[in-house]
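These notes are about the structure you will find just below.
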Amino acid sequence: MQEKWERWEPIGDLSLKYYVESLSDSIEGFKILLSDAYDENKKVEVIFEDSVHAYRSTDEVLDKV
């Protein structure tokens, strides 16, 4: 498999903070759905077609003892 790099041009009106709403790994590719932290009706979908072979998911919430 040969790498293919594309320059990403930022989209106007992006929020400063997003939450991960969902991750999906399917035949269509690896998808990340992000929700705007200040308006949950605004969402951004990031799609990696045929490029993600492995990923790691960790829980970043620390329990207080």
Side-chain angles (χ1 to χ4, degrees):
M1 178 177 192
Q2 187 172 356
E3 292 182 9
K4 179 182 175 186
W5 291 82
E6 294 181 26
R7 181 183 175 111
W8 179 69
E9 296 292 335
I11 301 167
D13 297 331
L14 284 178
S15 179
L16 296 176
K17 185 174 183 179
Y18 287 91
Y19 293 111
V20 176
E21 186 169 308
S22 68
L23 299 172
S24 172
D25 188 7
S26 70
I27 192 80
E28 297 173 4
F30 183 74
K31 296 181 184 182
I32 304 170
L33 183 60
L34 305 172
S35 293
D36 188 317
Y38 309 105
D39 184 352
E40 65 182 38
N41 293 318
K42 293 181 180 179
K43 300 186 187 307
V44 174
E45 186 177 52
V46 181
I47 303 172
F48 299 92
E49 295 175 349
D50 301 323
S51 65
V52 177
H53 299 287
Y55 57 91
R56 178 181 293 173
S57 177
T58 60
D59 187 359
E60 295 182 5
V61 177
L62 300 175
D63 292 330
K64 293 182 180 180
V65 179

Decide yes or no on side-chain hydrogen bond (donor to acceptor under 3.5 Å, both in side chains) for Ser35 and Glu40, but give the supporting numbers first. CA-CA 5 Å; Ser35 293; Glu40 65 182 38; over 6 Å; no
Taking every heavy atom of Lys43 against every heavy atom of Leu33, the minimum-distance pair comes out as CB-CD1, 4.1 Å
Decide whether Leu16 and Tyr19 are clustered together by the hydrophobic rule: side chain heavy atoms of Ile, Leu, Val, Met, Phe, Trp, Tyr closer than 4.5 Å, transitively. no
For residues Val44 and Tyr38: do they belong to one hydrophobic cluster (side chain heavy atoms under 4.5 Å, members Ile, Leu, Val, Met, Phe, Trp, Tyr)? no
N-O pairing of Glu6 and Lys4 below 4.0 Å: yes
Closest non-hydrogen contact found for Asp39 with Asp36 is O-CB, 3.2 Å
Distance check, rounded to the nearest 0.5 Å: Lys42 atom NZ versus Asp13 atom CG? 7.0 Å
Exercise: identify the closest heavy-atom pair between Ile47 and Lys31: CG1-CG, 3.9 Å
Val46 and Ile11: same hydrophobic cluster, using ILVMFWY side-chain contacts below 4.5 Å? yes
